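Residue numbers start at 1 and run along the sequence shown. Worth saying up front: this structure is predicted, and the values here are computed from it rather than measured.
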Amino acid sequence: MPVTGFYGLLIDILSRTEYIEQIYRQLVLVFKERFSVQHARVALHQALGCLEVMVSSGIVKAILNPDLSKLNISIPMEGELIHTHRDAN
């Protein structure tokens, strides 16, 4: 089965580096080339969510090294794209 989309991109990046700081930078570079600024931000959040799923399901092993940068992922209940209905008026 082919691996595509964010998961395919993450697997490609993970084959070249294991450090979250470099993974993050690579994602930012790819999304800057492919999307507008607003869409790149959304894509980055979605890709990091995919990475979180890969870690929580055991596909990717994550280790905390206190000497290196940490990634904090949080998904708010409401955001720019997903939010409580508001009238356009």
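Note that CD1 of Ile20 and CG of Leu27 are 8.0 Å apart. Values are rounded to the nearest 0.5 Å. Atom SG in Cys50 sits 13.0 Å away from atom NE2 in His45 (nearest 0.5 Å). To the nearest 0.5 Å, the span separating CD1 on Ile11 from CE on Met54 amounts to 4.5 Å.
With side-chain heavy atoms closer than 4.5 Å counting as contact, directly or through intermediates, Leu29 stands alone and belongs to no larger hydrophobic cluster.
Listed by chain and residue number, Phe6, Phe35 satisfy the ring pair (Phe, Tyr, Trp, His ring centres under 6.0 Å) test with Phe31 (two or more places apart in sequence, or in another chain). For Ser36, the side chain to side chain donor-acceptor pair (under 3.5 Å) partners at least two apart in sequence or on another chain are His39. With sequence neighbours excluded, the residues satisfying side chain to side chain contact (heavy atoms under 4.5 Å, CB included) with Val28 are Tyr24, Lys32, Leu44. Scored by the side chain to side chain contact (heavy atoms under 4.5 Å, CB included) test, Tyr19 finds Thr17, Gln22, Leu68 as partners (sequence neighbours excluded).
Hydrophobic clustering of Ile, Leu, Val, Met, Phe, Trp and Tyr side chains at less than 4.5 Å, counting indirect connections, keeps Val42 apart from Val37.
Legend: salt bridge (Lys or Arg N to Asp or Glu O under 4.0 Å) pairs involving residues 20-29, not counting sequence neighbours, sorted by first then second residue: Glu21-Arg25.
Heavy atoms only, all atoms of each residue included: Leu10 and Leu51 are closest at CD1-N, 3.7 Å.
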